[in-house]
Amino acid sequence: MKHNFKLIEPKWQKRWQESKVFEAADFDERPKFYGLVEFPYPSGAGMHVGHIKAYSSIEVVARKRRMQGYNVLFPIGFDAFGLPTENYAIKTSTHPRIITDQNIEKFSNQLKKVGFSFDWSRVIDTTDENYYKWTQYIFLKMFEHGLVFRDTALVNYCPSCKVVLSNEDSQGGKCDICHSDVVQKSKTVWYLKITEYADKLLEGLADVDYPKNVKQQQENWIGKSTGAFVWFDVKGTGEKLEIYTTRPDTLFGVTFMVIAPEHPLIDKYADQIGNMDAIEAYRTECTKKTEFERTQLVKDKTGVRIDGLTAINPLNGKEIPIFIADYVMMGYGTGAIMAVPAHDQRDYDFAKKFGIDIIEVIRGGDIAKEAYTGDGEMVNSEFLNGYTNKKDSIARVIEEIKKMGIGEAGVQFKMKDWAFNRQRYWGEPIPLIHCPNCGVVPVPYEELPLRLPDVENFEPGEDGESPLAKIDSYVNCKCPKCGRDAKRETDTMPQWAGSSWYFLRYIDPHNDQAIADRKKLEYWMPVDWYNGGMEHVTRHMIYSRFWHHFLYDIGEVNTPEPYAKRSIQGLILGPDGDKMSKSKGNVIDPLDIVEDYGADTLRTYVLFMGDYGAAAPWNDNSMRGCKRFLERVAGMTDLVSDDPSTQKLETSFHKTIKKVSSDIEEVKFNTAIAALMTLTNTIYSAGALSKEQLEIFIKLLSPFAPHLTEEIWESLGHTDFLSVSAWPEYDESKTVDETIEIGVQINGKVRGTVVLPTDCGKDEALAAAKADEKIASYMEGKTVVKEIYVPNKIINIVVK
RNA sequence: GCCGCUGUGGCGGAAUUGGCAGACGCACUUGACUCAAAAUCAAGCGGGUAACACCGUGCCGGUUCGAGUCCGGCCAGCGGCACCA
């Protein structure tokens with residue numbers, strides 16, 4: 001047979017679609033498998049080869065599972081709210097709804113051309129009102145449970161996008177959308193209390209199968225630290241200044257305190273502060289610094305002493321000065337620290353610059369040169385003197401400060417609450433109403449969805465005001481509680497809202513009574529295997545795990561963790577080894593490859609390129625090698641024979657079944673394909689194979705190259721789909737050859753090989769080795785010291 | 001600075017977890033077919049040698065009959081976090 005991909009690929013895609021062979025069946029008695037891939041943002045540019053690689057992994061697993069007799073749910077949808085569409089809408093004066101529909105249409109067609117076995121009856125679109133109704137529903141549930149709050153604080157703000165960003169959306173001080181520098185701005189924003197779930201998100205990691213680096217990155221992001229809160233009296237005010245520290249056992253080494261420039265203590269006692277002018281000047285200066293400047297000036301500490309306010313060390317009653325300095329952040333801990341210059345480098349640098357005392361309380365370093373942060377004997381610390389173990393001294397001091405009522409043990413997280421509103425049009429409207437009488441009132445559940453109104457102009461207002469604020473008919477409403485005139489919240493939800501629960505909607509996409517039917521949720525959840533990119537580990541994955549834990553707590557879902565297993569795909573780089581980008585002109589369009597080489601070649605190649613989790617450059621020649629391989633597979637149909645000699649291939653077949661089966665489970669698609677190539681070479685050398693053997697071969701290949709293998713299956717006389725035929729079984733005893741060639745070493749160096757019966761005994765093996773002429777020559781005139789024989793592996797003869 | 005990952009031919013990458021390093025694919029060389037080219041088929045392909053020897057998995061040392069794999073110490077690259085108290 002010839003591999004005529006242009007003919008067969010559309011043919012099978014049509015048949016799969018018409019027969020609904022990939023549609024999942026709820027409550028089927030077969031075991032279930034829920035395979036998930038990160039649904040795409042339908043951009044105007046269409047699909048990227050990265051999408052193909054990302055989807056091909058679960059595609060292969062899903063196809064294998066179906067053949068193994070599982071009831072498989074492998075869905076796809078579109079995460080379609082977001083800025084790129086909105087910006088394109090502004091540029092072209094087209095409604096985002098129209099653009100989104102066009103892009104979804106384009107993406108769907110492209111996905112179908114690659115032959116992915118998605119269940120197209122369950123497609124979701126996060127911008128569909130019947131979908132975002134439930135996004136709003138979950139939001140209101142969170143509101144109801146006190147997880148939504150409003151606060152005025154310093155937030156990440158992107159001046160270019162004119163939008164408030166969450167911590168996750170401004171990693172490294174850059175806007176996630178346009179990559180320009182984020183500034184800190186005081187704003188009143190809506191938060192989701194994700195920090196309330198910090199511990200659950202951390203502990204949940206113990207129960208899931210994620211790659212190590214994924215777990216570690218999430219742990220870092222959550223950033224739990226344990227320590228203590230300590231309250232310092234501010235002399236003459238009755239005020240307690242609360243600090244957080246991980247080393248409360250260094251309390252006797254405190255020689256000053258530092259509070260963040262934004263700390264409320266300053267304004268509260270402004271009239272007692274003698275140098276308010278200097279302090280105000282410093283505060284102004286701080287707000288002008290960009291994130292970049294702050295991180296670049298790490299060594300150069302700045303600050304101002306607050307005249308008129310001094311603190312008292314609660315352990316020894318010593319008076320200590322208070323400074324403001326921007327190396328202390330309002331956003332972490334309490335915005336105030338006790339400074340122990342002898343044992344913290346930042347405090348040390350500050351103390352040196354301002355001429356403050358440095359008191360050693362832990363021995364082991366040289367505090368004349370630098371701060372000592374290691375372990376050692378405690379000194380100058382009264383009741384702590386003599387402790388040498390940090391754990392013990394911390395435990396002791398916590399006990400003591402608790403007794404004295406001056407502090408307590410505590411934990412802190414780096415993770416911050418999720419700034420949840422965006423001053424944008426193309427997002428889910430936030431279903432809250434501001435009533436002058438009742439305060440913030442939720443839109444009643446029965447009024448959901450709160451629909452996005454039509455507007456003329458999608459541009460945000462000058463001071464970062466949402467476009468929705470300009471529509472009086474939307475803004476003005478009646479308070480659901482008291483019935484008086486009220487105003488709607490006009491901001492929308494962030495990009496990540498819709499994707500925080502989408503995997504639940506696939507389970508019951510058309511349900512208008514609930515997120516999804518409870519029984520169906522219990523049947524399908526959790527997601528058995530979720531593949532995606534590293535870039536979502538500290539955004540989408542954290543957010544969606546948070547929402548899911550919440551839904552579990554209120555009894556809406558049956559598992560705390562949404563994803564049982566996670567895998568990560570590595571980037572496909574351009575042929576030049578650089579990241580693909582339009583400006584570099586090194587972008588490979590997957591549809592061009594489908595057109596010129598076929599979908600089966602594309603699919604096989606993206607998985608054959610290398611280690612699935614690692615980045616690898618695209619290589620046209622290497623891709624053609626995969627096409628050549630598929631052509632050789634097509635050619636096997638001409639080798640089918642009932643000649644008894646084909647029985648000699650049996651061992652190779654059993655080995656290959658075993659290898660391909662296990663490699664797919666271990667995300668080693670490259671070696672699974674390599675094994676099939678090796679078997680192809682073996683078959684061609686043999687010159688013939690049986691019909692049954694060819695059937696096994698195409699079954700093993702079908703998850704990778706489903707079109708060609710369906711075609712061969714049909715040509716062999718089958719009228720059913722290969723895609724749902726039974727996955728081949730292997731017989732362990734038949735995976736072993738009768739004879740095996742092993743290496744023979746003299747003194748650890750390979751000097752020859754010998755062919756032995758499998759599992760041959762030691763005497764026989766050594767005799768065979770010594771009979772070898774070359775081996776014998778190496779042993780001549782030497783005495784044998786030791787003989788090592790590992791069956792089926794190696795012979796090593798040590799001589800002197 | 002802290003944490004994590006990775007270093008193997010000309011290239012992408014294998015190696016049953018301590019047992020013949022370089023599977024499979026690409027590139028390359030030679031041959032067959034062809035007027036010729038492409039495609040295809042056959043053979044070769046880490047360095048080195050006429051052939052052996054010998055040298056080879058980032059570097060230095062160690063354990064072992066035997067190390068890409070284990071241990072100790074470095075070096076380089078990538079990713080994440082970062083004045084986190």
Side-chain angles (χ1 to χ4, degrees), chain A residues 171-173 211-221 223-225 227 243-247 250 258 260 294-301 325-329 331-340 343-347 349-350 373 412-415 534-535 537-538 573 577 604-605 608-611 613-626 628-629 631-632 635 655 658-659 662 668 670-681 684 735 741-754 785-799:
Chain A
Q171 299 188 20
K212 201 164 120 192
N213 56 336
V214 171
K215 282 194 186 185
Q216 188 233 336
Q217 237 183 73
Q218 294 201 354
E219 278 163 16
N220 279 353
W221 187 254
K224 184 174 182 171
S225 90
I243 62 95
Y244 174 75
T245 176
T246 53
R247 289 305 300 267
T250 60
V258 184
R294 282 181 83 146
T295 51
Q296 288 309 297
L297 298 170
V298 167
K299 278 277 161 196
D300 188 23
K301 296 281 179 292
D326 66 354
Y327 83 91
V328 172
M329 313 287 149
Y332 184 79
T334 61
I337 63 157
M338 60 177 219
V340 186
H343 306 292
D344 181 294
Q345 194 56 44
R346 294 155 300 173
D347 298 346
D349 295 340
F350 193 88
T373 53
Q412 279 295 305
F413 296 95
K414 284 189 202 173
M415 190 166 70
M534 212 57 209
E535 70 276 16
V537 166
T538 54
L573 305 172
T604 306
Y605 176 59
F608 180 66
M609 299 180 78
D611 181 350
W618 181 271
N619 183 313
D620 269 332
N621 280 323
S622 203
M623 187 262 304
R624 284 187 203 106
C626 289
R628 212 168 290 153
F629 162 60
E631 281 161 358
R632 274 160 71 80
K655 276 185 186 169
K658 183 180 179 181
K659 175 114 182 103
S662 61
K668 289 160 75 173
N670 54 338
T671 51
I673 294 165
L676 289 166
M677 288 173 169
T678 306
L679 182 56
T680 303
N681 293 341
Y684 269 88
T735 60
E741 188 185 51
I742 68 170
V744 181
Q745 300 180 332
I746 301 291
N747 292 343
K749 291 199 179 214
V750 178
R751 298 300 185 184
T753 61
V754 61
V785 179
K786 200 170 179 182
E787 291 171 330
I788 290 125
Y789 170 59
V790 182
N792 309 326
K793 298 238 157 100
I794 200 88
I795 292 169
N796 188 10
I797 301 169
V798 185
V799 297

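Lettering of chains follows the sequences in order, A, B, ..., and the numbering in each one begins at 1.
Here the closest non-hydrogen pair linking A616(A) and M609(A) is O-CE, 3.7 Å. Nearest heavy-atom pair, N796(A) versus G748(A), reported as atom, atom and distance to 0.1 Å: OD1-N, 3.1 Å. Taking both residues in full, the closest heavy atoms of C626(A) and F608(A) are given as SG-CD2, 3.8 Å, listed atom of the first, atom of the second, then distance. Closest non-hydrogen pair, Y332(A) versus F413(A), comes out as CE1-O, 3.6 Å. Nearest heavy atom pair, residue G577(A) against residue P617(A), reads CA-CB, 4.2 Å. Closest approach of T246(A) to S225(A), counting heavy atoms only: CG2-OG, 3.8 Å.
One donor-acceptor pair, N or O on each side, does fall under 3.5 Å between the base of C83(B) and the side chain of K301(A).
For N670(A), no side-chain nitrogen or oxygen approaches OP1 or OP2 of G12(B) to under 4.0 Å. Of the side-chain N and O atoms in K659(A), none sit less than 4.0 angstrom from OP1 or OP2 of A14(B). Regarding contacts with the backbone of A23(B), every side-chain N or O of N681(A) stays at 4.0 angstrom or more from both OP1 and OP2. In this structure, Y332(A) reaches the A85(B) phosphate: one of its side-chain N or O atoms is under 4.0 Å from OP1 or OP2. A sub-4.0 Å separation between OP1 or OP2 of C55(B) and a side-chain N or O of K749(A) is present. Checking the phosphate oxygens (OP1, OP2) of C84(B), no side-chain nitrogen or oxygen of K414(A) falls inside 4.0 Å. Not one side-chain nitrogen or oxygen of K212(A) sits closer than 4.0 Å to the OP1 or OP2 atom of G4(B).
Here the side chain of I337(A) is nearest to one of A23(B), A85(B), G4(B), namely A85(B). Taking only side-chain atoms of I788(A), from C-beta outward, the nucleotide of C65(B), A14(B), C3(B) with the closest atom is C65(B). Nearest to the side chain of M329(A), among C20(B), C83(B), G25(B), sits C83(B). In the set A85(B), C83(B), C24(B), the nucleotide with an atom closest to the side chain of T246(A) is A85(B). In this structure, the nucleotide among G4(B), G25(B), C83(B) sitting nearest to the side chain of R346(A) is C83(B). The S225(A) side chain lies nearest to A85(B) when the options are C83(B), A85(B), C24(B). Among the nucleotides G79(B), A85(B), A21(B), the one closest to the side chain of V750(A) is A21(B).
Under the 6.0 Å distance and 45° angle rule, K301(A) does not count as a cation-pi partner of F350(A).
Closest-nucleotide positions on RNA chain B for G743(A) and A614(A) were compared, and the one nearer the 5' end corresponds to A614(A). Sequence order on RNA chain B of the closest nucleotides to A336(A) and P617(A) puts P617(A) first from the 5' end.
Among the heavy atoms of the strands lying under 4.0 Å from K668(A) are primed sugar atoms or P, OP1, OP2 only; no base atom is included. Using a 4.0 Å heavy-atom cutoff across all strands shown, T245(A) reaches sugar-phosphate atoms only and no base atom. Backbone-only contact: A615(A) has heavy atoms under 4.0 Å from sugar-phosphate atoms and none from a base. Within the nucleic acid shown, Q217(A) comes within 4.0 Å of sugar-phosphate atoms alone, with no base atom in reach, counting heavy atoms only. Contact annotation for V798(A): backbone-only contact, meaning every heavy-atom pair under 4.0 Å involves sugar-phosphate atoms and none involves a base. Among the atoms of the strands shown, none is found under 4.0 Å from any heavy atom of Q412(A).
U16(B) and A23(B) are spaced 15 Å apart, taking the P atom of each and rounding to whole Å. Look at the C1' atom in both U17(B) and G66(B): the space between them is 15 Å, to the nearest Å. To the nearest whole angstrom, the two C1' atoms, one in C5(B) and one in G58(B), are 16 Å apart. Between U8(B) and G56(B), the two C1' atoms lie 10 Å apart (nearest whole Å). Straight-line distance between the P atoms of A15(B) and C33(B): roughly 41 Å, to the nearest whole Å. For the C1' atom pair drawn from C78(B) and A39(B), the interatomic distance equals 41 Å after rounding to whole Å. Rounded to the nearest Å, the gap between the P atom of G22(B) and that of G46(B) is 9 Å. Distance check on atom P: C59(B) versus C52(B) gives 26 Å, rounded to whole Å.
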Carefully, step by step, assess M623(A) and T604(A) under the rule side-chain contact (heavy atoms from CB on, under 4.5 Å). CA-CA 8 Å; M623(A) 187 262 304; T604(A) 306; over 6 Å; no
Is there a side-chain contact (heavy atoms from CB on, under 4.5 Å) between T250(A) and M338(A)? Walk through the geometry before answering. CA-CA 9 Å; T250(A) 60; M338(A) 60 177 219; 3.6 Å; yes
If you apply the rule side-chain contact (heavy atoms from CB on, under 4.5 Å), what do you find for L676(A) with K659(A), and how did you get there? CA-CA 9 Å; L676(A) 289 166; K659(A) 175 114 182 103; over 6 Å; no
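For the pair K793(A) NZ and G18(B) C1', the interatomic distance rounds to 10 Å; values are reported in whole Å. Taking atom CG on D611(A) and atom P on G79(B), their separation rounds to 17 Å, with Å as the unit. As a whole-Å value, the separation of R632(A) CZ from U40(B) C1' is 10 Å. Residue M609(A) contributes atom CE, which lies 11 Å from atom P of G12(B) at whole-angstrom precision. The separation between D347(A) atom CG and C83(B) atom P is 14 Å, rounded to whole Å. Put simply, CZ on R247(A) is 16 Å from C1' on C84(B), counting in whole angstrom units. Going from atom CG of N220(A) over to atom P of C2(B) covers 14 Å, rounded to whole Å. Note: CE (M677(A)) to P (A23(B)) measures 14 Å, nearest angstrom.
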Between the protein and nucleotides 26-32 of chain B, which nitrogen or oxygen pairs come in under 3.5 angstrom?
unit_1, atom_1, unit_2, atom_2, d
C26(B), OP1, R628(A), NH1, 2.6

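Glycosidic conformation, U17(B): syn, with the torsion inside 90° of 0. Classified by its glycosidic torsion, G68(B) falls in the anti category, the angle being over 90° from 0.
Counted by atom type alone, Q217(A) and N213(A) present zero donor-acceptor pairs between their side chains at under 3.5 Å.
Pairing analysis of RNA chain B (Watson-Crick: purine N1 to pyrimidine N3 plus N6-O4 or O6-N4; G-U wobble: N1-O2 and O6-N3; both under 3.5 Å) yields stems of 3 or more pairs at B:1-7 with B:75-81, B:10-12 with B:24-26, B:28-32 with B:40-44, B:58-62 with B:70-74.
In terms of modelled atom types and a separation under 3.5 Å, the side chain of S622(A) and the main chain of N619(A) share no donor-acceptor contact. Counting only distance, with no hydrogens or angles, the side chain of N747(A) and the backbone of V799(A) share a donor-acceptor pair below 3.5 Å.
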